[in-house]
Structures are given as structure tokens and as C-alpha cells.
Amino acid sequence: MNILITGACGQLGREISALANSCANVRHRYICTDIEEYDGVAPLDICNRANVLDFVQKNGIDCIINCAAYTNVDKAENDYTLAEMLNATAVRNLADAMADCGGLLVHISTDYVFGGNDFCTPIAEDAPQNPTGIYGLTKLHGEQQILQSGCRNIILRTSWLYSVHGKNFMKTMIALTASRPELNVVVDQAGTPTCASDLAMAIFTILEDEKYAGNEGIYHYSNEGVCSWFDFTVTIAKMCGHTDCKIRPCRSDEFPSPVVRPSYSVLDKTKFKKVFNIEIPYWTDSLSKCIEASTKL
Ligand SMILES: NC(=O)c1ccc[n+]([C@@H]2O[C@H](COP(=O)([O-])OP(=O)(O)OC[C@H]3O[C@@H](n4cnc5c(N)ncnc54)[C@H](OP(=O)(O)O)[C@@H]3O)[C@@H](O)[C@H]2O)c1
């Protein structure tokens, strides 16, 4: 297959592109794109429908991995138009392009399409969606656009993504716990951190391994385990040896934020594990590898 990667300079896009460029015996041809041209990355703005349809046709694309998105959860609250354009309207461009040629769209969505649940049990794929903010709402619209288009699709919802690249919670907390004497971090929101390299490997394996062909649908993928943002921060600080910073748990309503985040958005991965025989690492194991990798950059 000719596989188009969009948003190839983002956290996830970089990890998938790296696998495509470094693994031996790769079955497919991968073409990396992002909104701006970069080393080995072609320019493709997914909001430009004519350009998307043209690019897909000219390059004989039969699969798209969509890693492009509007991902700033706080900023989205005051930027609905752009968030909706990128997370929903542009996704329809990709979906229609795949519907036209019978291709497969692999799309990444989020735990924030859910608003959490009162029973604090991991959330299944078919649970009712009730996003608490604009980011989650526009990502939900993106999923709906894909389903309406009728294209073949795999929608992977993930959570709390971090990597050695870009701006993310792990990198922010490495810096803050190194420089601040104390820090308050919310303890009443639970989820699962997911290392972008693990998700990238899962997507890459699903596409490269012939035995997984045909398993379309919605899946949940995160690392294993559950924690709060407070636990995540304490673990980061311990792994980095940042013992001088006093980290205190606080409640969400004590922390100024323009958006209400779900209090419990742990994803149930039962379906993913049943269909794909891909091992999912525990969150602290992946975190420690990622922290080690970030010190070598
Ligand atoms: N980050 C999380 O915690 C998280 C959690 C759950 C799910 N997800 C989902 O996982 C996926 C990957 O997230 P990520 O954290 O890897 O995202 P990211 O690091 O923000 O990367 C997104 C990439 O898309 C590019 N982009 C922006 N506008 C574009 C356009 N019009 N056309 C083409 N590319 C464009 C961005 O470029 P610029 O940087 O120049 O804007 C960036 O390189 C997303 O679908 C996201 O919703 C993320």
C-alpha cells in the first residue's frame, strides 16, 4: 500500500515516520506530510480539500494515517472554528478521499470524547459520548464525519499522549520539577498516560502484519494502568531524581483551567487486545524508557 502520514511532525507522526524509515523489510511505502514542509516531509494542509484529493490521487494513496489534529485542549475553548475545521471538517476531506478509492483511513481520536463516568470503570468503545470541552466535541465530530463518509476505517482512541518530541505533560513536568521548589497537581482526574512510541508501534504492526488486515472499527488503545495527573508527576520527578520539588495533590476546582476535563477517562482496551495480539506496556515501564530517551537527545 501507499500510506500517507498526515501531521508527520507531531508527537505520534514522528514516531510512526521513524518506524517506517528505520524498520527492515517494510511492506508498504510511507509518505510523510505536515502543514509545513520539513526535512523529508512534504507539505499538505489537510484543511485544503482540493489539495488532499489531488495528493491522494496523484500518489496512488490507498491508506491514510491521520496524526494531524488541533490538540491544545485549553486553547480550543476559545478557538472553536479552527478546532472544528481541523478535527472534523478536514477529517472528512481525508475520509472522502479514502471512500473515493476504497482506501483505509486510520484515525486517532481521544478519551476526551467521553466525559467520564460515575462508577470509575474503564470506558468501552460503545459507551455514550459526552465531551466536556470543545476539543473533545470537535474530535467526536471528526469520528462522526468518518462514519458518515462510509470509508473503510480504524478509529483508535487514545489518552494522555507524551513523547520525547513536542510539547507534552511529561516534558513540562520534567522541567517544572527541576526548577520549582513546590508544585500543586490535580489528583481528582484519572486516566492512563500513553507513550507515543507504543501507539506508533501498535499502528505500524496493524498495517504491516498481513494477519491483521480487515479488522476495521473503533478501538481503545492506551498504555496499561491508571493514575492521576498528581501520580504521573510524582513518578516523573522520582524517575528524574528531582527530589527537591515538593509535589502536592490538589482538586481540579483549585486549579485555574479554561476547560472542564473528565474526572475519569480510563479506556477499556479489551476489544483491542482480543483482536490484535500486540503486547501493551505498563505506563511506568514506558515512561521510564521515554525519560531515558529524552536525556539522550
Ligand atoms: N496529545 C494528547 O495528549 C492526545 C491525547 C489523546 C488523543 N490524541 C490524539 O492523537 C493524535 C496525535 O496527537 P499528537 O499529540 O501527536 O498531536 P501534535 O503533536 O499536536 O501533532 C499534530 C500535527 O499536526 C500538524 N497540523 C496542524 N494543522 C495541520 C493541517 N492543517 N494540516 C496538516 N497538519 C497539520 C501540526 O503542525 P503544527 O505543530 O505546526 O500545528 C502537528 O505537526 C491527535 O489526533 C490527537 O487528537 C492526543
Side-chain angles (χ1 to χ4, degrees), residues 4-18 31-39 41-49 51-52 55 64-76 79 81-94 97 105-114 123 131 133-143 145-146 153-173 189 191-200 202-203 218-223 229 232 259 261-262 265-267 283 290:
L4 166 63
I5 304 174
T6 61
C9 297
Q11 297 193 79
L12 179 64
R14 283 180 72 144
E15 298 291 348
I16 300 176
S17 307
I31 301 161
C32 301
T33 65
D34 204 293
I35 188 161
E36 302 278 358
E37 189 167 2
Y38 191 69
D39 194 13
V41 175
L44 181 64
D45 178 353
I46 65 166
C47 298
N48 188 322
R49 184 176 172 86
N51 283 3
V52 167
F55 192 99
I64 299 174
I65 310 172
N66 181 30
C67 302
Y70 188 111
T71 54
N72 189 324
V73 176
D74 286 346
K75 208 168 152 218
D79 204 5
T81 307
L82 188 55
E84 178 74 11
M85 167 66 87
L86 195 43
N87 289 343
T89 313
V91 172
R92 183 59 183 255
N93 296 339
L94 304 175
L105 175 59
V106 179
H107 177 73
I108 320 304
S109 192
T110 171
D111 55 336
Y112 282 14
V113 298
F114 300 109
I123 307 166
I134 297 297
Y135 168 72
L137 181 68
T138 58
K139 291 293 289 184
L140 175 59
H141 292 162
E143 292 185 7
Q145 289 294 337
I146 293 171
N153 67 80
I154 294 177
I155 296 173
L156 279 163
R157 297 194 189 115
T158 192
S159 61
W160 299 22
L161 209 59
Y162 67 90
S163 83
V164 292
H165 307 295
K167 202 169 165 273
N168 58 64
F169 189 84
M170 178 196 76
K171 290 176 75 179
T172 301
M173 287 306 171
Q189 292 169 25
T192 311
T194 304
C195 187
S197 59
D198 293 334
L199 176 58
I203 293 169
I218 301 179
Y219 297 92
H220 288 173
Y221 180 95
S222 67
N223 279 134
W229 294 112
F232 194 7
V259 63
R261 286 178 165 78
S265 61
V266 177
L267 297 171
W283 73 274
C290 192

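One-based numbering, in listed order, for ligands and for the atoms of each.
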Q) Of the choices Cys9, Ala196, Gly10, which has the non-hydrogen atom that lies closest to atom 21 (O) of ligand 1? A) Gly10
(Q) Could you identify the single nearest non-hydrogen protein atom to atom 16 (O) of ligand 1 and state the distance to 0.1 Å? (A) Leu12 N, 2.9 Å
Q) In terms of atom number and element, which parts of ligand 1 are under 4.0 angstrom from non-hydrogen atoms of Ile108? A) 9 (C), 10 (O), 11 (C), 45 (O)
Q: Pull out every atom of ligand 1 sitting under 4.0 Å from any heavy atom of Ala68, numbered as shown with elements.
A: 24 (O), 33 (C), 34 (N), 35 (C)
Q.
Quick check on Glu36 - does any of its heavy atoms sit under 4.0 Å from an atom of ligand 1?
A. no
**Q.** Distance in Å, Tyr135 OH paired with Leu140 CG, rounded so as to fall on 0.5 Å steps
**A.** 12.0 Å
Q: Indicate, as side chain, backbone, both or neither, the part of Tyr112 found under 4.0 angstrom from ligand 1 when only non-hydrogen atoms are considered.
A: neither
Q: With atom 4 (C) of ligand 1 as the reference point, say which of Asp34, Thr6, Leu161 has the nearest heavy atom.
A: Leu161
Q: Report, as yes or no, whether the 6.0 Å neighbourhood of atom NZ on Lys75 holds more than 12 heavy atoms from other residues, nucleotides or ligands.
A: no
**Q.** Per-atom contacts, ligand 1 versus Thr158 - under 4.0 Å to a heavy atom
**A.** 6 (C), 7 (C)
Q) Does ligand 1 have any atom sitting under 4.0 Å from a heavy atom of Tyr135? A) yes
Q: Look at atom 31 (N) of ligand 1 and find which of Leu82, Asp45, Val41 reaches it with the closest heavy atom.
A: Asp45
**Q.** Numbering as shown, the atoms of ligand 1 that approach Leu86 to under 4.0 Å (heavy-atom distance)
**A.** 27 (C), 28 (N), 29 (C), 30 (C), 31 (N)
Q) Does an N or O from Gln11, backbone or side chain, lie closer than 3.5 Å to an N or O of ligand 1? A) yes
**Q.** Ser109 neighbourhood, listing ligand 1 atoms whose heavy-atom distance to it stays under 4.0 Å
**A.** 7 (C)
Q. Can a protein heavy atom be found under 4.0 Å away from atom 10 (O) of ligand 1?
A. yes
Q: Please identify which atoms of ligand 1 are closer than 4.0 Å to at least one heavy atom of Thr110.
A: 6 (C), 7 (C)
Q: For atom 38 (P) of ligand 1, state whether the nearest protein heavy atom is under 4.0 Å away.
A: no
Q.
So does Ser159 get a backbone contact from the side chain of Thr194, meaning a donor-acceptor N/O pair under 3.5 Å?
A. yes
Q: Can you measure from CG (Leu267) to OG1 (Thr110) and round to the nearest 0.5 angstrom?
A: 8.0 Å
Q) How far is atom 5 (C) of ligand 1 from its nearest protein heavy atom, and which residue and atom is that? A) Trp160 N, 3.8 Å
Q: Any chance you could measure Ile134, atom CD1, to Asn72, atom CG, to the nearest 0.5 Å?
A: 13.0 Å
Q) Okay, side chain of Asn87, backbone of Ala69: is any donor-acceptor separation there less than 3.5 Å? A) no
Q. What distance separates Leu12 CG from Ser197 OG, expressed to the nearest 0.5 Å?
A. 10.0 Å
Q. What do the steps show when you test Thr192 against Asn223 for side chain to side chain donor-acceptor pair (under 3.5 Å), and what is the final call?
A. CA-CA 6 Å; Thr192 311; Asn223 279 134; over 6 Å; no
**Q.** Ion pair Asp74/Arg261, N-O distance below 4.0 Å
**A.** yes
**Q.** N or O pair under 3.5 Å between Ser159 and ligand 1
**A.** no
Q | From Lys139, Glu143, Arg157, residue fulfilling side chain to side chain donor-acceptor pair (under 3.5 Å) relative to Ser109 | A | Glu143
Q. Can you tell me the protein heavy atom closest to atom 32 (N) of ligand 1 and the distance?
A. Ile46 N, 3.0 Å
Q) What is the nearest protein non-hydrogen atom to atom 44 (C) of ligand 1, stated with its residue, atom name and distance? A) Ala69 CB, 3.5 Å
Q) Counting from 1, what ligand 1 atoms have a heavy atom of Cys47 closer than 4.0 Å? A) 31 (N)
(Q) I'd like to know if the side chain of His220 reaches the main chain of Ile123, judged simply by a donor and an acceptor atom lying under 3.5 Å from each other, with no hydrogens or angles considered. (A) yes
Q: Indicate the ring-plane relationship of Trp160 and Phe232, choosing parallel, tilted or perpendicular according to the 30° and 60° boundaries.
A: parallel
Q) Counting each atom of ligand 1 from 1 as listed, which ones have a heavy atom of Lys139 under 4.0 Å away? A) 44 (C), 45 (O), 46 (C), 47 (O)
Q: Measure the CE-OG1 distance between Met85 and Thr81 for me, rounded to the nearest 0.5 Å.
A: 8.5 Å
Q | Nearest-0.5 Å distance that lies between atom CG in Asn93 and atom CG in Asp45 | A | 9.0 Å
Q. Looking at Ser163, Cys67, Cys195, which one forms a side-chain contact (heavy atoms from CB on, under 4.5 Å) with Glu15?
A. Ser163
Q) Taking Ile203 as the fixed residue, which of Ile108, Ile5, Asp198 is the one that meets the side-chain contact (heavy atoms from CB on, under 4.5 Å) rule? A) Ile108
Q: For atom 24 (O) of ligand 1, decide whether some protein heavy-atom distance is shorter than 4.0 Å.
A: yes
(Q) Students should be able to answer this: which protein heavy-atom is nearest to atom 40 (O) of ligand 1, and at what distance? (A) Ile35 CG2, 3.9 Å
Q | Identity and separation of the nearest protein heavy atom to atom 17 (O) of ligand 1 | A | Thr71 CG2, 3.5 Å
Q) For ligand 1, is Cys67 a contact, meaning one of its heavy atoms is under 4.0 Å away? A) yes
Q. Applying a strict 4.0 Å limit to heavy atoms, is Leu44 in contact with ligand 1?
A. yes
